[in-house]
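Chain identifiers are assigned alphabetically (A, B, ...) following the order of the sequence lines, protein sequences preceding nucleic acid strands; residue numbering begins at 1 within each chain. All values below were derived from every heavy atom in this structure, side-chain atoms included, with hydrogens, water molecules and symmetry-related copies excluded. Quantities reported herein were computed from a predicted structural model and do not represent experimental measurements.
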Amino acid sequence: MENPYVPYPVEVIKIVTEVDTKDIKTFRLAFVNKEDEEKFKYLPGQFAELSLFGKGESPIGIASSPTNPGYVEFTVQKAGVVTTALHEMEEGTIMGIRGPLGNSWPLEYLEGKNVVVVGGGFAFTTLRSLTQYMIHEDNRKKYGKITVIYGARTPGLLIYKDELAAWSKRDDLELHVTVDKGDENWKGKEGFVPTVCKEVAPSADNAVAVICGPPIMIRFTLPVFFELGFSKENIYTSLEMRMKCGIGKCGRCNVGSKYVCKDGPVFSLAELDRLTPEY
Amino acid sequence: MEKRLIKKDALAGIPKKIRENFTVFAPVKVEDNVVFKELEPQEEPLVGHYQNTKNAPKGVFFPRTEVMMRYVRTPKGVQLKGIEMAAADAVLFGVRPCDARSFALLDLLFDQEKYKDPYYIAKREKATVVTLACARVPYRTCFCTSVEGGPLDGKGSDVLITDLGTDFLVEFLTPKGEKLGSYFEGTPASEEAEKKKEEVKQKAEGEIVSHIPAREIKPILDVNFDHPFWDTIHKKCLACGTCTYLCPTCHCFDISDEMKYDDGRRLRNWDSCMYPLFTKETSGHNPRPTQKERWRQRTMHKFKYYVDNFNAIACVGCGRCVMYCPVNIDIRKIVEDISKLQ
Ligand SMILES: Cc1cc2nc3c(=O)[nH]c(=O)nc-3n(C[C@H](O)[C@H](O)[C@H](O)COP(=O)(O)OP(=O)(O)OC[C@H]3O[C@@H](n4cnc5c(N)ncnc54)[C@H](O)[C@@H]3O)c2cc1C
Ligand code: SF4
Ligand code: SF4
Ligand code: FES
């Protein structure tokens, strides 16, 4: 019998400090055993338990896309025991990952539609995965117009800066990067994500919005999309709850009768309306 | 399915005979408690002369603390050393029907199509459950008949033993149970015995004095997540967790790591939705910030969410939480009150 609690061994092959506050890092992990990579077949929107023996486990969204094989990436904010231990790790360390867990962004549903990706702060991780996936040459023609709106508090807090620069040069993706407040070197947009969404005003016609960010951003962004005519069936987000098992057993992460770890973390607003508002 | 009658005085010797070939778990008197535990050589199992054990026998398959894996520090990081999954051929002797039913309910969760829990399943598969029916209903707090069980119910059991007064009727309900056949020497049961059992059943069911509208409240719970009723039940709750730790169907757990010098282990321990930290996130945000939300979760989980997911009520009516709650919060009354909500 498969033991879903046993992590696959992975080697930390690259660590990137993403922000000037140094508390958000991206870890690139490679499977120690090739056959484990086969078993770890994932889709954008899924997450994994990052496992540090002696410290514990943390559920973290997968930030890379399966269209880039050979490694998986996670962008982690230093918060408590496990994430702090992760931040202290060096390249070459062997650690564990367990997964992939949860459902994914609704990739099939998105096919043939225009996709509006909205992210705030470091919650941009699985949206980066989704964007990488959609703009990959094998997939790009399956999707209509792709608009990405991404914001952070300051320029120094934007993650994936090099990649954003590369995306801004593409003509098959409309990118809007904004910061709440710029600095002397900032030449881009200033303003909160909801305001920028209003300015950009993506058409709701045959379109789906995928939104991830801090609760306050979500709260102010949703009305903008309702106003633009997006229905609750066509707005998706990803939930966070405290987790342990990640497979619907430990009873910790339920919202109503759904387990966020197993039935989520991705839900449409219409689905969330049918759940209890306890998250 | 074979049925046999055995002499009344033969029963007491059986668990000890089984113990020669199996690990046996049975009710044993320890100080002033009757607990369900592994039978040690010098110990006398209680058969027939007990009401129910203080702890639920679920701990045989889902222990309070269990090592999941061990690891060791190496120059390249801490690495897996071994996976712990000891499971012996075991016989659980003298389980009550409500508790046997809890195994069937836990199977629904731990043995799902996708994501099987190998620790639970390994122990469960190697165990045979011998149940002693409640010919006399043990407590006034028993309400198994309200939650789809009954004092002579065989769900979750491999062998069911019923006291018919003169003899014990032994029913082998599953192939696993039949394998224990040789330990139960007796004569084939006649139709007479079947009739007698029906009488015992009628009588036992009649002795049950607690009744709750368990299925009936499901549609009420479906639409009353925000009802002011939820402000009324939790106020005296101490968040001690006793109700969940004694409950045969509660299955929540925590996973934690322990390291000493270069060796460590990953454990799972029972946890409880009654505890404030259960859902508290690192940021400080807690989706269930007060005991109100936690009690609502406990009620909803048993009488709505489990029904939504598995079409089964996650309560077997054993009454343990009713008997041992230090401040007398009574799930029977809660369910009764919910049934009257507008
Ligand atoms: C689906 C999902 C995706 C996530 N993706 C990311 C991500 O991409 N990047 C990132 O930095 N963070 C992410 N988080 C949050 C991250 O899991 C927590 O910050 C992290 O678990 C804190 O662990 P810790 O050991 O450092 O903190 P401690 O407070 O020491 O943690 C105790 C334990 O509680 C649990 N826990 C605590 N807070 C949370 C939480 N908010 N969510 C889930 N479990 C929690 C974990 O099991 C953790 O090991 C995600 C959470 C979920 C549920
Ligand atoms: S909720 Fe109470 S009565 Fe029901 S099974 Fe659990 S302990 Fe027994
Ligand atoms: S046993 Fe009683 S006091 Fe303790 S957590 Fe349960 S309801 Fe609260
Ligand atoms: S994390 Fe254990 S049930 Fe979801």
| Atom group of Cys245(A) that falls short of 4.5 Å from chain B, counting heavy atoms | both
| task | Heavy atoms only: give me the nearest Met241(A)-Pro287(B) pair and the separation to one decimal. | result | SD-CG, 3.7 Å
Is the count of non-hydrogen atoms from other residues, nucleotides or ligands lying under 6.0 Å from [X] atom [atom1] greater than 12?
X: Lys302(B); atom1: NZ; answer: yes
X: Lys55(A); atom1: NZ; answer: no
X: Lys123(B); atom1: NZ; answer: yes
X: Glu38(A); atom1: CD; answer: no
X: Lys176(B); atom1: NZ; answer: yes
X: Lys39(A); atom1: NZ; answer: yes

| query | Given that the side chain runs from C-beta out, which part of Arg296(B) has a heavy atom under 4.5 Å from chain A: side chain, backbone, both or neither? | reply | side chain
| task | Below 4.5 Å from any heavy atom of chain A, which atoms of Arg268(B) appear? Answer side chain, backbone, both or neither. | result | side chain
Measuring from [X]:[atom1] to [Y]:[atom2], what's the distance to the nearest 0.5 Å?
X: Leu80(B); Y: Phe53(A); atom1: CG; atom2: CZ; result: 4.5 Å
X: Ser283(B); Y: Gln77(A); atom1: OG; atom2: CD; result: 9.5 Å
X: Asn254(A); Y: Cys273(B); atom1: CG; atom2: SG; result: 9.0 Å
X: Lys304(B); Y: Thr276(A); atom1: NZ; atom2: OG1; result: 8.5 Å

Partner chain A: residue of [options] with the largest heavy-atom pair count (under 4.5 Å):
options: Arg288(B), Gln79(B), Gln297(B); result: Arg288(B)
options: Asn286(B), Ile121(B), Asp254(B), Asp308(B); result: Asp254(B)
options: Ala122(B), Pro118(B), Gly77(B), Gly264(B); result: Pro118(B)
options: Tyr119(B), Tyr120(B), Phe225(B), Phe253(B); result: Phe253(B)

When you measure from the side chain of [X] to the backbone N and O of [Y], does any donor-acceptor pair fall under 3.5 Å?
X: Arg252(A); Y: Asp271(B); answer: no
X: His251(B); Y: Cys250(A); answer: no
X: Arg242(A); Y: Thr282(B); answer: no

Contact leader toward chain B among [options], where contacts are heavy-atom pairs under 4.5 Å:
options: Gly56(A), Pro7(A), Gly256(A); answer: Gly256(A)
options: Glu57(A), Lys258(A), Lys262(A), Met95(A); answer: Glu57(A)
options: Gly54(A), Gly92(A), Gly80(A); answer: Gly54(A)

Any heavy-atom pair between the side chains of [Y] and [X] that's under 4.5 Å?
X: Ile255(B); Y: Tyr5(A); value: yes
X: Lys76(B); Y: Glu11(A); value: yes
X: Thr279(B); Y: Tyr279(A); value: no
X: Tyr115(B); Y: Leu101(A); value: yes
X: Val78(B); Y: Leu52(A); value: no
X: Lys249(A); Y: Asp117(B); value: yes

| remark: Contact list (residues 62-71 of chain B to chain A, heavy-atom gap under 4.5 Å, by number) returns Met68(B), Met69(B), Tyr71(B)
| said: Run Arg266(B) and Ser51(A) through side-chain hydrogen bond (donor to acceptor under 3.5 Å, both in side chains) and show every step you take. | reply: CA-CA 11 Å; Arg266(B) 182 162 287 167; Ser51(A) 193; 2.7 Å; yes
